[in-house]
Trainee: 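First the structure, then my questions, so here it is.
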There are 2 protein chains.
Amino acid sequence: METDELAARIRAGERRALARAITLIESGRADHRAQAQALLDALAATPGSALRIGLSGTPGVGKSTFVESFGTMLTGQGHKVAVLAVDPSSARSGGSILGDKTRMERLSRDPAAFIRPSPSQSALGGVARRTREAVTLCEAAGFDIVLIETVGVGQSETMVAEMTDLFILLMAPGGGDELQGVKRGIMEMADLILVNKADGDLKPAAERTRADYAGALKLLRRRPQDPDGFPKAICVSALQEAGLAEAWREMQALAAWRRETGHFDARRAEQARYWFAEEVRRGLLARLDHDAAMRTRMARMGDAVAAGEIPVARAAAEMLALLGTAP
Amino acid sequence: METDELAARIRAGERRALARAITLIESGRADHRAQAQALLDALAATPGSALRIGLSGTPGVGKSTFVESFGTMLTGQGHKVAVLAVDPSSARSGGSILGDKTRMERLSRDPAAFIRPSPSQSALGGVARRTREAVTLCEAAGFDIVLIETVGVGQSETMVAEMTDLFILLMAPGGGDELQGVKRGIMEMADLILVNKADGDLKPAAERTRADYAGALKLLRRRPQDPDGFPKAICVSALQEAGLAEAWREMQALAAWRRETGHFDARRAEQARYWFAEEVRRGLLARLDHDAAMRTRMARMGDAVAAGEIPVARAAAEMLALLGTAP
């Protein structure tokens with residue numbers, strides 16, 4: 001299919017065209033990459049106005065159930081919801097967070113929803129770049145809410161926070177020492193903490209956990225992009241679909257405040273700057289991997305250095321000269 | 001001074017020539033860099049045989065006192081000891097770990113010792129590269145033991161472990177929850193844990209802390225580069241100069257075993273490979289900073305991207321084309 005036609009079908013909201021375009025974007029082939037690039041250019045003229053929501057939580061907190069309930073509530077209100085994922089482990093394990101769509105049975109059959117598992121790339125950077133581009137496509141296809149979920153470990157949170165307007169942390173009720181499990185850096189990124197499973201026997205524990213997090217959030221340095229009372233911790237039950245409307249009201253209130261005060265656009269602008277610099281850095285480093293001759297050269301030079309036949313600095317300088325770069 | 005003459009003076013063990021060469025190496029000027037490169041090439045023919053010992057510990061564990069006592073013991077045994085530092089905070093704070101030589105009064109007046117504070121570079125990578133090159137110079141100058149100390153926080157430990165043969169963790173006596181303060185990753189790098197301040201009132205606490213660490217070390221996965229009983233935790237008192245001879249015996253035993261079994265050379269080879277790849281990556285990325293025109297271009301393109309005038313991917317592709325790199 002021609003790029004123009006693909007772009008037109010995406011703009012018309014055709015889900016199959018959207019799925020196909022995301023596959024194109026995720027491809028490692030050079031000709032696909034060029035086509036993906038042309039497609040993104042063509043769609044750049046259709047600026048998306050979706051609210052981008054990042055969602056993080058360790059396995060077991062009920063993330064799939066939450067996305068299912070929350071997403072279904074939103075489509076019920078007339079929204080079009082896209083769900084994407086950044087899961088660097090999916091390349092290794094073969095199974096992504098969203099791989100098992102059966103866990104989101106309702107939402108995956110919902111015509112107003114679009115669910116896409118994490119791209120299977122070996123490096124987190126690659127996964128994140130592709131997901132970020134998929135957001136653009138979803139917006140062009142008319143989705144007005146994009147949920148991007150990630151696993152609650154390592155660097156992936158930072159990447160997701162760099163491509164979303166709101167960052168939500170989903171937690172499970174736990175003992176008093178539960179707080180220690182959350183890295184301070186991740187707490188600092190959160191706009192809203194949702195303590196899930198606030199139902200049945202777990203309800204009192206969920207409320208205690210919520211109070212713990214609310215206390216912890218108060219101890220963090222006040223951020224300029226937060227109105228009074230934010231970041232906030234509230235209880236939800238994805239299973240019983242309780243607290244979801246309140247959570248959505250809080251997200252909307254925060255987004256509205258940030259739009260009014262300019263923080264919303266400022267964050268988007270900074271994010272664009274971040275990904276631009278990131279793309280340039282990655283493109284430069286990719287020269288080392290892109291062609292087989294260069295890879296062989298790097299490996300051979302590495303062997304010579306390891307064997308002590310050539311000093312590190314001299315070897316690096318020779319390699320950089322080959323790459324057209326002064327040392 | 002000509003490079004050949006500087007090299008000859010370093011080989012003759014002239015401390016002022018060594019200090020001058022390290023200053024040259026730390027300089028950011030392009031002509032200095034070329035000269036530094038030539039000097040390193042000239043000295044590469046004089047392979048150093050020093051034992052490189054990494055030493056990490058958070059502020060307050062008595063690192064300066066330990067280096068003073070331990071270094072003096074070693075020079076007393078006829079060794080020539082160089083002390084270097086990797087301290088990424090020194091650029092900001094202006095004061096490095098070793099900046100205050102008065103805390104190592106004896107050692108800094110010792111003719112068989114050479115103390116050099118951390119280079120003041122803004123990025124940890126830069127600090128580490130320069131320190132690694134300084135090691136080469138110290139070895140060429142005849143120092144047979146090189147101590148490289150670092151602060152016990154963040155990534156600097158990994159960098160120091162990547163340039164040393166042994167990695168020592170210096171700890172202070174503490175309560176039972178002290179163990180939690182040490183990141184697992186740092187524990188896993190340690191070949192020897194020295195619990196300092198095992199003197200006076202603190203002696204019993206030091207012994208308890210030592211036992212705690214010894215227990216924790218046993219829980220770690222066995223590493224192929226360790227003989228039976230390693231990694232190990234022992235008590236020392238830098239102040240009373242107690243346990244230092246034992247610590248040194250352990251280091252020698254470990255180094256001897258690794259030399260015999262080939263692990264010593266294998267580690268050096270892997271380290272060379274690591275720094276080579278690191279230098280090449282850094283050299284490539286440096287193109288973005290090196291010339292003012294490129295910096296201006298990056299900044300302007302970043303502004304355009306932030307303003308939404310050009311899509312991220314297109315801007316990056318244009319930038320990479322300017323850099324002579326296909327996207």
Side-chain angles (χ1 to χ4, degrees), chain A residues 30 33-34 36-38 40-41 43-45 47 129 132-133 136 180 265-266 268-288 290-291 298-299 301-308 310-327, chain B residues 30 33-34 36-38 40-41 43-45 47 129 132-133 136 180 265-266 268-288 290-291 298-299 301-308 310-327:
Chain A
R33 192 64 214 143
Q37 182 68 68
L40 288 165
D41 276 356
L43 293 171
R129 288 165 77 221
R132 211 190 123 265
E133 292 176 347
T136 309
Q180 300 192 8
D265 289 341
R268 288 255 177 127
E270 276 320 301
Q271 289 175 344
R273 211 187 283 274
Y274 171 88
W275 289 103
F276 161 65
E278 201 50 33
E279 286 280 328
V280 174
R281 281 192 291 266
R282 230 206 53 91
L284 273 176
L285 294 180
R287 290 199 72 178
L288 297 176
H290 252 295
D291 87 62
M298 269 298 279
M301 203 77 105
D303 289 343
V305 159
I310 177 170
V312 164
R314 174 58 56 202
E318 281 184 23
M319 205 65 217
L320 288 167
L322 276 175
L323 290 159
T325 306
Chain B
R33 191 66 213 141
Q37 184 68 68
L40 288 165
D41 276 357
L43 292 171
R129 288 166 77 221
R132 211 191 122 268
E133 292 176 347
T136 308
Q180 299 189 9
D265 289 342
R268 288 255 176 126
E270 276 321 302
Q271 289 175 344
R273 211 186 284 275
Y274 171 89
W275 289 104
F276 161 65
E278 203 48 34
E279 285 280 327
V280 174
R281 283 192 290 266
R282 230 205 54 89
L284 272 176
L285 295 179
R287 290 199 72 178
L288 297 176
H290 253 294
D291 86 62
M298 270 298 282
M301 201 77 105
D303 289 343
V305 159
I310 176 171
V312 165
R314 173 59 55 203
E318 280 183 24
M319 205 62 216
L320 288 167
L322 276 175
L323 289 159
T325 305

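This one's a predicted model, so the numbers in the text were calculated from it and none came from an experiment.
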Trainee: Between Ala277(B) and Met298(A), what is the shortest heavy-atom contact and its length?
Mentor: CA-CE, 4.2 Å

Trainee: Using every non-hydrogen atom in the two residues, find where Arg273(A) and Gly302(B) come nearest and quote the distance to one decimal.
Mentor: NH1-C, 3.6 Å

Trainee: Tell me which of these, Gln271(A), Arg282(A), Glu279(A), has more heavy-atom pairs under 4.5 Å with chain B than the rest.
Mentor: Glu279(A)

Trainee: Check the pair Val312(A), Arg132(B) against side chain to side chain contact (heavy atoms under 4.5 Å, CB included), reporting the backbone distance first and the verdict last.
Mentor: CA-CA 10 Å; Val312(A) 164; Arg132(B) 211 191 122 268; 3.2 Å; yes

Trainee: Can you say whether Ala286(B) sits under 4.5 Å from chain A via the side chain, the backbone, both, or neither, judging by heavy atoms?
Mentor: neither

Trainee: Please give me the minimum heavy-atom distance between Arg314(A) and Gln37(B), naming the atom from each residue.
Mentor: N-NE2, 3.6 Å

Trainee: Please classify the contact of Asp303(B) with chain A as side chain, backbone, both or neither, using a heavy-atom distance under 4.5 Å.
Mentor: both

Trainee: Of all heavy-atom pairs between Ala269(B) and Ala306(A), which one has the smallest distance, and what is that distance?
Mentor: CB-O, 3.3 Å

Trainee: Would you mind checking which part of Ala299(B) comes under 4.5 Å of any heavy atom in chain A, side chain (CB onward), backbone (N, CA, C, O), both or neither?
Mentor: backbone

Trainee: How far apart are the closest heavy atoms of Asp41(A) and Pro311(B), and which atoms are they?
Mentor: OD1-CG, 3.9 Å

Trainee: Between CG of Leu285(A) and CG of Leu285(B), what distance do you get to the nearest 0.5 Å?
Mentor: 4.5 Å

Trainee: Write down the atom of Leu323(A), the atom of Val280(B), and the distance for their closest heavy-atom approach.
Mentor: CD1-CG1, 4.0 Å

